[in-house]
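Quick notes on the structure that follows.
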Amino acid sequence: MKRHTVLSTPTMHGEELAFVNEAFEKNWIAPLGFNCDKFEEEIVEVLKGDQPLYGLSLSAGTAALHLAVKLAGVKRGDVVLCSDMTFAATVNPIVYEGGVPVFIDSEYRTWNMDAAALEKAFEKYPQAKAVMLAHLYGTPAEMDAILAVCEKHNAVLIEDAAEALGASYKGQRCGTFGRYSVLSFNGNKIITTSGGGMLITKEKEARDKAFFWATQARENAYWYQHEEIGYNYRMSNVCAGIGRGQLLHLQEHVDRKTAIYNRYKEAFADLPVTMNPFTEDMVPNCWLSCMLINEEVGISPITVLEALKEKGIETRPIWKPMHMQPVFKDADFVSVADKAVNEDIFARGLCLPSDIKMTEDDLQYVIDAIRACL
Ligand SMILES: *Cc1c(COP(=O)(O)O)cnc(C)c1O
């Protein structure tokens, strides 16, 4: 019998198509339009507490990160202190601008950037102007400690909340902690526009500047007048329609993902594994459930991956740390641990099927297969 056991794929509901149809009916098939405007307003409505926020819908989370790096003023040779255990898209935009990423180790409480390692990095690189922080797998970083270090060293915080829409830390939504924050709506994320992203900021001028860059840096003139290099980074009005329909179901997706995480946690209570952790200060969105195999077991996650693959179950190792990537072999890495936390988590961790279309039968099938390995 065919099982539905994948990491994370899109889940559509129907409203998406209504917004897309409206775009067709009005012939707004363009990288601007009412769905883009409304999607920005609706996302901001979900994110905001009492602070004003501005959103800019873009073609990808990576495009939003690139504009955030530019807004932070990162120039050739500038050091940016950056999360180490994350997707390469967190880092690449720093390099697009000629910045120099320095990777920061994680802590074991949330698997995110360790504020103590960040402080150590600032002692080594006091000139660092910006910090690029990712919330891993939808679990918020320890924001009070991270923000305190950024403030102490007068550094701009760029928040990569690509995986963390719907999560919160002490009641505040991920995507609102950075001076510039970024969401992704790629197909595998908690909600999708097929591909897309959004820049979030409290500063209207920053949103306007990013809009200017994202629309080919056209100056105000009758002819095409250019005084800066621009980009074609805006989201399609068709894609934004998908996003508007998806956003109606964000909390439902978070609830279902959370139920999957809890089901694994309960089922593995007697096994020598732990789940990706979080603290009582936070509500994760449980985008991906991950397990960490206890050290004494001595089984590699690749062994488990291969056994599960035989049974048609998709798993993936934890993001390979950036300081271990050949492309960043010359970059510095700062840790306060004897053995790098990220190397340890990478050596023992595995991302599990977390797709919200899995049935209880599918989940039981995965759980049984994992139990058979351990
Ligand atoms: C998905 C992701 C991105 C990139 O977003 P795209 O929309 O795919 O460009 C960036 N950072 C992290 C941590 C991600 O998971």
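Each ligand, and each atom within it, is numbered from 1 in the order the structure gives.
Cation-pi geometry between Lys26 and Phe34 is satisfied (NZ or CZ under 6.0 Å from the ring centre, within 45° of the ring normal). Geometrically, Arg3 engages Tyr365 in a cation-pi contact, judged by NZ or CZ lying under 6.0 Å from the ring centre and within 45° of the ring axis.
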Please tabulate, for side-chain N and O atoms in residues 222-231, each donor-acceptor pair with protein atoms closer than 3.5 Å (sequence neighbours left out).
from, atom 1, to, atom 2, distance (Å)
Trp223, NE1, Gln225, OE1, 2.8
His226, ND1, Gln216, O, 3.3
His226, ND1, Ala217, O, 3.0
Glu228, OE1, Trp213, NE1, 2.9
Glu228, OE2, Lys209, NZ, 2.8

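Protein residues with a heavy atom closer than 4.0 Å to ligand 1 are Ala60, Gly61, Thr62, Leu65, Thr86, Phe87, Ala89, Thr90, Asp160, Ala162, Glu163, Ser184, Asn186, Lys189, Gly196, listed by chain and number.
If you look at His323 and Phe333, their ring centroids are closer than 6.0 Å.
In this structure, Ser106 contributes its side chain and Asn342 its backbone to no donor-acceptor pair below 3.5 Å. Within the 3.5 Å criterion, the main-chain N or O of Asn188 finds a donor-acceptor partner in the side chain of Ser8.
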